[in-house]
Amino acid sequence: MMKIIAIVNQKGGVGKTVTAVNLAVGLAREGKKVIAIDFDAQGSLTVSLGYSEQDKMDTTVSTVLEKIIEDKPIAPDEGILHHEEGIDLLPANIELSGLEVTLVNTMSRECVLREYLKTISNSYDIAVIDCSPSLGMLTINALTAADEVIIPVQAQYLSIKGMEQLFRTIGRVRKQLNPNLQIGGVLITMADLRTNYTKDIISLLHNSYGRKIKIFDSVIPLSVRAAEMSAEGKSIYLHDPNGKVSIAYKGFIKEVG
């Protein structure tokens, strides 16, 4: 059975997409067959994997989900792109915003993504979903489909404060829609480990949540290399293979795997 991992945080700019890229590619480097699913209308994951003209694409995640809603047949590899680093990608673009509006009036609206993922579940070991920075219907769909949630959190006080709302949403989804949903862990990102402020925030996170939720030992450091990676359409393992961000993500992959 394909394992489904959702990368979720309603706060933007916390390293969700960078984490999704490097998790997907990192798992593929470990021999897993992986599909990455861009579930954000901004198409950040699609652009980060080198497909910069996503708004010109004929077939995206919204195309296949509309077919699920309308009960139309889907070809086994419809819309799926093959990336040079050994993963597949189901891209997204601005059309996904329109789909979110459509979902409001759809029967079993929270389960549309789950129904699609069933159609490809025999083709992959793992699906990694890069969610939008909100707790709207798209993110609810991702949580309903997922086996596990990974929460990237920037090493800042406001990022930690915002986690309570996310935990409440996950709890509601678990209670009403997906009783098997688990929190895989919290990943600290963009951490400037030279400062006492960052160290204090990490301590606060462990003290507040460490007894209830796994906090990954791997901490992703603040680095311009991660931003450069997105512009080049490559993972950090190709862009800066011996850098501190690459080493941190390799450690994270071992913890997830």
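Please read these numbers as outputs of a predicted model, since none were measured by experiment. Note: hydrogens, waters and symmetry copies are ignored here, and every other heavy atom, side chains too, is used.
In this structure F252 satisfies the ring-ring contact (aromatic ring centres under 6.0 Å, His included) test together with F216, sequence neighbours excluded. Legend: residues meeting ring-ring contact (aromatic ring centres under 6.0 Å, His included) with Y124, ordered by chain and number and at least two apart, are absent.
Side-chain contact between M1 and N122 is absent, with no heavy atoms from C-beta onward closer than 4.5 Å. Between Y51 and P91 the shortest side-chain heavy-atom distance does not fall below 4.5 Å. Side chains of T198 and I201 form no contact here, defined as non-hydrogen atoms less than 4.5 Å apart. Two residues are said to be in side-chain contact when any heavy atoms from C-beta on lie closer than 4.5 Å; P133 and K16 meet this criterion. L117 places a side-chain heavy atom less than 4.5 Å from the side chain of I129. The closest side-chain heavy-atom distance from E255 to D217 is below 4.5 Å. Within the 4.5 Å cutoff, the side chain of V112 has no heavy atoms near those of the Y116 side chain. Residues R211 and H206 form no side-chain contact, since every pair of their non-hydrogen atoms from C-beta on lies 4.5 Å or further apart.
Under a 4.0 Å N-O distance rule, the pair K32/E30 does not qualify as a salt bridge. Between K67 and E78 a salt bridge is recorded (basic side-chain N to carboxylate O distance below 4.0 Å). Salt-bridge annotation for E148 and K3: present, with a side-chain N of the basic residue lying under 4.0 Å from a carboxylate O of the acidic one. E115 has a carboxylate O that lies under 4.0 Å from a charged side-chain N of K118, or vice versa, which qualifies the two as a salt bridge.
In this structure, K72 contributes its side chain and E66 its backbone to no donor-acceptor pair below 3.5 Å. In terms of modelled atom types and a separation under 3.5 Å, the side chain of N141 and the main chain of M137 share a donor-acceptor contact. Distance alone, capped at 3.5 Å, places no donor-acceptor pair between the Q10 side chain and the Q165 backbone. Distance alone, capped at 3.5 Å, places no donor-acceptor pair between the R174 side chain and the P179 backbone. The backbone N or O of D40 sits nowhere less than 3.5 Å from a side-chain atom of S44 that would complete a donor-acceptor pair. Side-chain atoms of S208 do not come within 3.5 Å of backbone N or O of L205 as any donor-acceptor pair. The main-chain N or O of A155 is never found under 3.5 Å from a side-chain atom of S159 such that the two would form a donor-acceptor pair. A donor-acceptor contact shorter than 3.5 Å is absent between the side chain of D55 and the backbone of N93. Under a 3.5 Å cut-off, the side chain of S246 and the backbone N or O of N242 do not form any donor-acceptor pair. Not a single donor-acceptor pair under 3.5 Å links the side chain of Y249 to the backbone N or O of G26.
To the nearest 0.5 Å, atoms CD1 (I151) and OG1 (T19) are separated by 12.0 Å. Separating the SG atom in C111 from the CD1 atom in I140 is a distance of 11.0 Å, to the nearest 0.5 Å. Taken from CG in L222 to CG in L193, the straight-line distance is 9.0 Å, to the nearest 0.5 Å. A distance of 8.5 Å separates NZ of K33 from CD1 of I35, quoted to the nearest 0.5 Å. Here the straight-line distance linking atom CG of D200 with atom CD1 of I202 works out to 9.5 Å at 0.5 Å rounding. Between K234 atom NZ and H239 atom NE2 the span is 8.0 Å, to the nearest 0.5 Å.
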Between V149 and Q182, is the side chain to side chain contact (heavy atoms under 4.5 Å, CB included) condition met? List the steps.
CA-CA 6 Å; V149 181; Q182 301 294 323; over 6 Å; no
Applying side chain to side chain contact (heavy atoms under 4.5 Å, CB included) to V153 and V14, what does each step give before you reach the verdict?
CA-CA 6 Å; V153 175; V14 298; over 6 Å; no
Derivation and outcome, side chain to side chain contact (heavy atoms under 4.5 Å, CB included), residues R225 and M229:
CA-CA 6 Å; R225 292 293 193 186; M229 169 208 110; over 6 Å; no
In sequence, state the C-alpha distance, the side-chain angles, and the governing distance for V18 and S230, and then conclude on side chain to side chain contact (heavy atoms under 4.5 Å, CB included).
CA-CA 7 Å; V18 170; S230 299; 4.0 Å; yes
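Nearest heavy-atom pair across V245 and P221 is CG2-O, 3.8 Å. Considering all non-hydrogen atoms of both residues, T46 and M57 come closest at CG2-CE, 3.9 Å. In plain terms, the two heavy atoms of L177 and R114 that are nearest each other are O-NH1, 3.6 Å. The two residues A92 and V61 have their closest heavy-atom pair at CB-CG1, 3.8 Å. Scanning all heavy atoms of the two residues, the minimum distance from D88 to I80 falls at CB-CG2, 3.6 Å. Contact detail for T189 and P152: the closest heavy-atom pair is CG2-CB, 3.9 Å.
Between the side chains of E85 and S235, at least one donor N or O sits under 3.5 Å from an acceptor N or O.
Partner of L49 under the side-chain contact (heavy atoms from CB on, under 4.5 Å) criterion, chosen from T17, L89, D38: L89.
Residues V21 and I87 are members of one and the same hydrophobic cluster, defined by side-chain heavy-atom contacts under 4.5 angstrom among Ile, Leu, Val, Met, Phe, Trp and Tyr. There is a path of hydrophobic side-chain contacts, each under 4.5 Å, that joins I236 to L45. In terms of hydrophobic clustering, with Ile, Leu, Val, Met, Phe, Trp and Tyr side chains grouped at heavy-atom distances under 4.5 Å, M190 and V186 are assigned to different clusters. Both M163 and L135 are part of a single hydrophobic cluster, where members link through side-chain heavy atoms under 4.5 Å apart. I94 and F39 end up in different hydrophobic clusters when Ile, Leu, Val, Met, Phe, Trp and Tyr side chains are linked at under 4.5 Å.
Within 6.0 Å of CG in D71 there are 12 or fewer heavy atoms belonging to other residues, nucleotides or ligands. For E53, the CD atom counts as loosely surrounded, since its 6.0 Å shell holds 12 or fewer non-hydrogen atoms of other residues, nucleotides or ligands.
Applying the ring-ring contact (aromatic ring centres under 6.0 Å, His included) rule to pairs touching residues 142-190 yields F167-Y209, sequence neighbours excluded.
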